[in-house]
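As structure tokens, the structure follows; a few thoughts come after it.
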Amino acid sequence: MIELEGVPELIDPVMVAAFEGWNDAGDAASTAVAHLDREWKGEVFAALDAEDYYDFQVNRPTVFLENGVRKITWPTTRLSVVRVGGEKPRDLVLVRGIEPSMRWRSFCNELLAFAHELGVEMVVILGALLGDTPHTRPVPVSGVTSDPDLARTMDLEETRYEGPTGIVGILQEACTHAGVPAVSLWAAVPHYVSQPPNPKATLALLNRLEDLIGLRIPLGELPEDARAWQVGVDQLAAEDSEVAEYVQTLEEARDTAELPEASGEAIAREFERYLRRREPGTGPGGPGVAMEGGDTAFLRDPGSGRTRPPKPEQPGPEAVPAAESETPGDAGEPDAPEGTEGTDAPEGATDESPGTGPEPGAETEPDTEPGADGESGK
């Protein structure tokens, strides 16, 4: 039973969700939602019952000490609310958790019940996939939807993917059938440097989210972290000639494929983002202002802890189904730049992380629905 007592009436709410696991390469998506929660000081008001959706042998609970007292944090999905202030304030409902192990339809129905009760106008789901993209270039982020009207009005790709999917794809389809506008944003993470964190991919997701919902998102130290991450990967790649040669091959393929994409529209979009950030507090939405706990009572999650449960293993790009070589946006996942398919990675430059299948405990092909060329699985 869902109880939302103590949650105030929300202003033009948008639900932003991300789930650790199969659809979260480099932890880029879950870190993006965590960043929003931290920057705007979100207040947790609800948590799904871990017993209903998680296999504790797959996602184990963790024990921690608080003032000498042992406590347990259970793997689950939590919801928080933040208010973004400015001339035209609005609220975000942040959903962050782990991809459930079971009962996915009930899981999505429960989240949609929250969305209905809160008056959510749109659901944005963040994901990250492994792809043949060089770390030295801007992170590709694709926006996809199952709603033809939404695809047309918001300049998104309409999904046509067929193949294995993860909770991101299931939740998006559940939203579509429930009549709730839903969009998935997918960042492509270089498969040869897939280990988390990946602040560059997180930053790219937040920039695209900012454009999508028309809010100015405080980035904090993320830009500097992204630069430091790239410098570190540059140094590692320089130490291995085969990796350096492989990166150069990806760069050439990416540059060739994207040459026609340097359109006036893309340049205008980057210029608009630059103008929004020139002066603090300017641009759509203005600066973020968190709801004060003294002004608003929230239902607290008594099980929330300070540590994070272990993460499922991240799938690699090598086992992508053949069906995933569809056109950009298939299945709601982004496509990698043309010309990168079929590129052989040098020995030692491939991702060794095994993938977990769409069903609990089963190892199958990765849910990076986009395919090895940079598509994601939804």
Under a 4.5 Å cut-off applied to non-hydrogen side-chain atoms, are [X] and [Y] in contact?
X	Y	value
E210	R216	yes
I170	F107	no
D24	F19	no
F114	V93	no
T77	V95	yes
Y53	S106	yes
L36	V82	no
V16	L126	yes

Check whether [X] reaches the backbone of [Y] with its side chain - one donor and one acceptor, N or O, closer than 3.5 Å.
X	Y	answer
D37	V33	no
T145	E158	no
H191	L129	no
S142	W186	no

Rounded distance [0.5 Å steps], [atom1] in [X] versus [atom2] in [Y]:
X	Y	atom1	atom2	result
C175	D147	SG	CG	11.0 Å
M15	L79	CE	CG	5.5 Å
L215	L92	CG	CG	6.0 Å
N198	D27	CG	CG	9.5 Å
N59	E20	CG	CD	8.5 Å
T176	L171	OG1	CG	9.5 Å

request  = Using side chain to side chain contact (heavy atoms under 4.5 Å, CB included) as the criterion, point out the one residue from L185, L203, I213 that pairs with R208.
outcome  =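 The single option meeting the side chain to side chain contact (heavy atoms under 4.5 Å, CB included) with R208 is L185.
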Can you name the closest pair of heavy atoms from [X] and [Y] and give their distance?
X	Y	answer
A174	C108	CB-CB, 3.9 Å
A28	A201	CB-CB, 3.6 Å
H135	Q230	O-OE1, 3.4 Å
W74	A50	CB-CB, 4.1 Å
K200	V139	CG-CG2, 3.6 Å
L150	A182	CD2-O, 3.6 Å

Q. Could R254 and E251 be called an ion pair, given the rule that one side-chain N must be under 4.0 Å from one carboxylate O?
A. no
Legend entry - Pair D149 + R152: basic N to acidic O under 4.0 Å: yes
I'd like to know whether L219 forms a side chain to side chain contact (heavy atoms under 4.5 Å, CB included) with N207, so could you lay out the CA-CA distance, the side-chain angles of the two residues, the decisive distance to 0.1 Å, and finally the verdict. CA-CA 9 Å; L219 299 178; N207 283 334; 4.1 Å; yes
Honestly curious: do V231 and V243 fall in one hydrophobic cluster under the side-chain, below-4.5 Å linking rule?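 The answer is no; the residues belong to distinct hydrophobic clusters.
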Do V63 and Y54 belong to the same hydrophobic cluster, where Ile, Leu, Val, Met, Phe, Trp and Tyr are linked whenever their side-chain heavy atoms lie under 4.5 Å apart, directly or via other members?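 In one cluster: yes.
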- Name all residues meeting the side chain to side chain contact (heavy atoms under 4.5 Å, CB included) criterion together with E239; count only those two or more places apart in sequence or in a different chain, and write none if there are none.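 With neighbours one apart ignored, the set is L236.
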By side chain to side chain contact (heavy atoms under 4.5 Å, CB included), which residues pair with E51, not counting sequence neighbours?
->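 Side chain to side chain contact (heavy atoms under 4.5 Å, CB included) check on E51 returns D49, F56.
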